[in-house]
There are 2 protein chains.
Amino acid sequence: MADRAQYEELIRQFSAFGAVKRELTRILPVGCSSGSAAVLSLLGRYGDMRIGRLAELLAVDMSVTSRHVAHIAERGWVDRFPDPADGRSRILRLTPAGRTQLDELSERTTHLLADRLSDWTDDEVGQLSVLMARLRASFDDHPSAQERPAGASLITT
Amino acid sequence: MADRAQYEELIRQFSAFGAVKRELTRILPVGCSSGSAAVLSLLGRYGDMRIGRLAELLAVDMSVTSRHVAHIAERGWVDRFPDPADGRSRILRLTPAGRTQLDELSERTTHLLADRLSDWTDDEVGQLSVLMARLRASFDDHPSAQERPAGASLITT
DNA sequence: TATTGTTATACTCTATAACTATA
DNA sequence: TATAGTTATAGAGTATAACAATA
């Protein structure tokens with residue numbers, strides 16, 4: 001268990017992290033916002049999926065996800081197919097143009113990180129990745145009221 | 001040097017980090033936004049300072065900082081004194097009410113982190129803090145054009 | 001002429017609520 | 001009745017540009 005000063009320092013690091021995010025946003029291609037990039041990345045990493053699943057992975061509300069998807073669908077980067085298992089849903093799939101866009105994104109972000117983190121070891125990059133994944137998991141394990149759907153089987157005191 | 005897949009994974013962690021930030025935002029007292037909290041925290045940690053210095057620590061534009069400060073000044077949480085060394089600047093100082101507000105903030109965020117990170121060791125919390133500090137430093141060392149003032153003595157190729 | 005700070009404007013991301021269609 | 005998704009609205013954070021005051 002960490003002490004108060006350590007938690008406060010961590011919070012300040014969280015706050016300052018925005019600067020890193022914004023610099024990554026600045027290198028995105030025209031028409032591809034941060035939200036669009038996140039959707040393309042997840043579809044490329046995990047394959048076809050529904051809006052709801054995408055919203056979970058993005059950790060944002062479905063309404064937000066819907067808008068992001070509408071944005072990239074307008075640009076022809078994803079197609080929406082009927083879901084044979086559920087008429088209310090559609091399956092999202094990257095188009096060839098979407099994959100090209102994703103490749104461009106990946107090239108730019110990889111290049112930027114390789115430059116900025118040139119003095120980081122492979123292991124250090126991995127450590128940060130693992131710790132941030134665990135951080136998110138630690139928060140997901142205790143979902144707030146807003147994130148907890150009515151039917152979720154969660155025991156809360 | 002990490003490989004492409006590792007950088008891509010790191011980027012996805014960066015993207016999902018927003019969920020953690022938003023949960024921390026939700027517990028803030030009424031009238032105290034995330035920006036206000038960051039200003040109060042930095043004034044509490046580093047003491048009286050000018051807007052420009054605060055903008056550096058926040059890693060946002062001075063115009064943004066100015067708005068945040070105006071917000072908390074309206075609420076009586078900071079005073080602005082003339083800077084004897086420079087008539088264009090004013091020195092920001094926490095008021096007693098501001099310190100009370102900061103204490104309340106600190107209590108809430110510490111409590112939330114202690115709950116969510118209850119199974120993290122002191123050392124693991126420290127590691128995340130250090131890695132995020134280093135991440136920001138790695139980006140600060142290569143400032144983008146937008147962040148680099150005209151007079152800065154930086155050698156860029 | 002350069003710098004500090006403020007203000008107006010615009011853009012992105014986000015959640016809430018109301019709504020449609022389907023389960 | 002409950003769930004998947006869409007859309008309208010509102011709020012927060014941010015950058016850019018134009019401006020005022022001072023160095």
Side-chain angles (χ1 to χ4, degrees), chain A residues 14-26 28 30-39 49-56 58-74 80-92 144-152, chain B residues 14-26 28 30-39 49-56 58-74 80 82-92 144-147 149-152:
Chain A
F14 287 176
S15 176
F17 177 73
V20 173
K21 284 280 287 286
R22 288 192 295 281
E23 189 153 2
L24 283 160
T25 298
R26 273 195 282 270
L28 295 178
V30 174
C32 186
S33 68
S34 183
S36 300
V39 170
M49 66 181 82
R50 310 193 305 175
I51 293 271
R53 167 70 173 147
L54 196 53
E56 274 180 36
L58 289 169
V60 299
D61 192 85
M62 205 186 293
S63 66
V64 176
T65 309
S66 179
R67 277 193 20 167
H68 287 330
V69 169
H71 181 89
I72 64 175
E74 284 171 12
R80 287 181 271 202
F81 298 99
D83 183 347
D86 188 335
R88 297 170 300 182
S89 291
R90 285 182 292 180
I91 303 294
L92 305 174
S144 63
Q146 289 81 352
E147 292 163 349
R148 189 169 53 241
Chain B
F14 287 176
S15 176
F17 177 73
V20 173
K21 284 281 290 286
R22 288 193 295 279
E23 190 153 1
L24 283 161
T25 299
R26 273 196 282 271
L28 296 178
V30 175
C32 187
S33 67
S34 183
S36 300
V39 170
M49 66 181 80
R50 310 193 304 175
I51 294 270
R53 167 71 174 150
L54 196 52
E56 273 181 37
L58 290 169
V60 297
D61 193 84
M62 205 186 293
S63 65
V64 177
T65 308
S66 178
R67 277 191 21 167
H68 288 330
V69 169
H71 182 90
I72 65 175
E74 282 170 13
R80 288 182 269 204
D83 182 346
D86 189 333
R88 297 169 301 182
S89 292
R90 285 182 291 181
I91 303 293
L92 305 173
S144 63
Q146 288 81 353
E147 292 162 350

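Reminder, nothing fancy here: chain letters follow the sequence lines and each chain counts from 1.
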Distance, rounded to the nearest Å, where B/Met62 contributes CE and D/dC19 contributes P: 19 Å

Report yes if the side chains of B/His68 and B/His71 come closer than 4.5 Å at any heavy-atom pair, otherwise no. no

Please determine, for the side chain of A/Arg80, which listed nucleotide (D/dT6, D/dT14, C/dT14) has the closest atom? D/dT6

Could you work out which one of D/dT7, C/dT6, D/dT14 sits closest to the side chain of B/His68? D/dT14

Would you kindly give the CG-to-P distance between B/Asp83 and D/dA23, to the nearest whole Å? 10 Å

Looking at every strand, decide which applies to B/Asp86 at a 4.0 Å heavy-atom threshold: base, sugar-phosphate, or nothing. sugar-phosphate

With a 4.0 Å cutoff (strictly under), does any side-chain N or O of B/Ser33 reach OP1 or OP2 of D/dG11? no

Sidechain-backbone polar pair: B/Arg22 side chain, A/Ala59 backbone, donor-acceptor under 3.5 Å: yes

Indicate, with a heavy-atom threshold strictly under 4.0 Å, whether B/Val64 touches base, sugar-phosphate, or nothing. base

Any sub-3.5 Å donor-acceptor pair from B/Thr25's side-chain atoms to B/Lys21's backbone N or O? yes

Return the value, rounded to whole Å, for the distance between atom CZ of A/Arg22 and atom C1' of D/dA15. 9 Å

Nearest to the side chain of A/Arg88, heavy atoms from C-beta on, is which of C/dT6, C/dT4, D/dA4? D/dA4

What is the distance, rounded to the nearest whole Å, between atom CG of B/Leu92 and atom P of C/dT4? 14 Å

What nucleotide among D/dA15, D/dT7, D/dA4 has an atom nearest to a side-chain atom of A/Arg50? D/dA4

Please state how far atom CD1 in A/Ile91 lies from atom P in D/dA4, giving the value in whole angstrom units. 13 Å

How would you label the contact of B/Arg67 with the nucleic acid (heavy atoms, under 4.0 Å): base, sugar-phosphate, or nothing? base

Any donor-acceptor N/O pair under 3.5 Å between D/dT22 base and B/Ser89 side chain: no

Would you say A/Arg80 and A/Leu92 make side-chain contact, with heavy atoms under 4.5 Å? yes

Most 5' of A/Gly87 and B/Ile51 on DNA chain C, judged by nearest nucleotide: B/Ile51

Phosphate contact (D/dG5 OP1 or OP2) by A/Arg90 side-chain N/O below 4.0 Å: no

Looking at every strand, decide which applies to B/Ser63 at a 4.0 Å heavy-atom threshold: base, sugar-phosphate, or nothing. base

Distance from B/Ile72 atom CD1 to B/Arg67 atom CZ, nearest 0.5 Å? 13.5 Å

Could you give the NE2-to-C1' distance, from B/His71 to D/dG11, as a whole number of Å? 12 Å

